[in-house]
Amino acid sequence: MTPSHSHHPAHGAQPPRRTRPFVRLVAFALLALFMPIFVFGATVAATGTVMVQVHERGPDGVHLLVPVPALLFDVAAFAVPRMLPQDALAEVRRELEPIRPALDAMAQELLECPPGVLVEVRDGAERVQVIKERRTYRIEVHSDDADIEVSVPARLLGKSLDIFG
């Protein structure tokens, strides 16, 4: 006769707990709620952000910081050529055609140049700088009235030319 096997767990072991339906429902609801936020955040992190900052001097001066997901520029690069009338798009392409090789070469050289100040123009108290950082180009304008700074991910440099083919 074979020894009988008990269906009870071994001494000290707990039987597996079943998740209650309410807990599963809450978990799925939270996942559904936070997944779009996570996906959007991951997309913004991967594609970068264009930052526009304006600081006007004076008591009524505006201080403005506007982050724009670079993904919107990717969407524009896709949509603009499809939304423009074909004759207008053809005209823009015709006008760019003679200088397109120079623009492409300039974009490539800018991507390959080392980080640092690329351009600096001073006129009295006013100053304009174009600065390359690791993966960002920053344009700074400083005057008596205001400071303006625009940061653009480097990958958008080539994309801006691709809009018009």
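If you read the sequence from its start, that first residue is 1, and numbering goes on from there.
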Group every Ile, Leu, Val, Met, Phe, Trp and Tyr by side-chain heavy-atom contacts under 4.5 Å, then state whether [X] and [Y] land in the same group.
X	Y	result
Leu110	Val117	no
Val68	Val62	yes
Leu33	Val39	no
Val52	Val75	no
Val50	Val54	yes

Which atom pair, heavy atoms only, marks the closest approach of [X] to [Y]?
X	Y	result
Asp144	Ala125	OD1-CB, 3.4 Å
Leu71	Thr47	N-OG1, 3.7 Å
Pro81	Ala77	CD-O, 3.3 Å
Pro98	Arg94	CD-O, 3.3 Å
Tyr137	Leu118	CE2-CD1, 3.8 Å
Pro67	Thr49	CB-CG2, 3.8 Å

Side chain proximity check, Leu156 to Asp74, heavy atoms < 4.5 angstrom =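 Answer yes - side chains close enough.
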Look only at the side chain of Arg57 and the backbone of Ser143, and say whether a donor-acceptor pair between them is shorter than 3.5 Å.
-> yes
Counting distance only, does the side-chain N/O of Arg127 pair as donor-acceptor with the main-chain N or O of Glu120 below 3.5 Å?
->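 Answer holds: no.
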Measure the spacing between CG of Asp145 and NE2 of His55 and express it to the nearest 0.5 Å.
->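 Here the rounded value is 12.0 Å.
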Got a second to check how far Glu56's CD is from Asp147's CG, nearest 0.5 Å?
-> 10.5 Å
Are more than 12 heavy atoms from other residues, nucleotides or ligands located less than 6.0 Å from atom CD of Glu112?
-> yes
Between Glu140 and His142, is any side-chain donor less than 3.5 angstrom from a side-chain acceptor?
-> yes
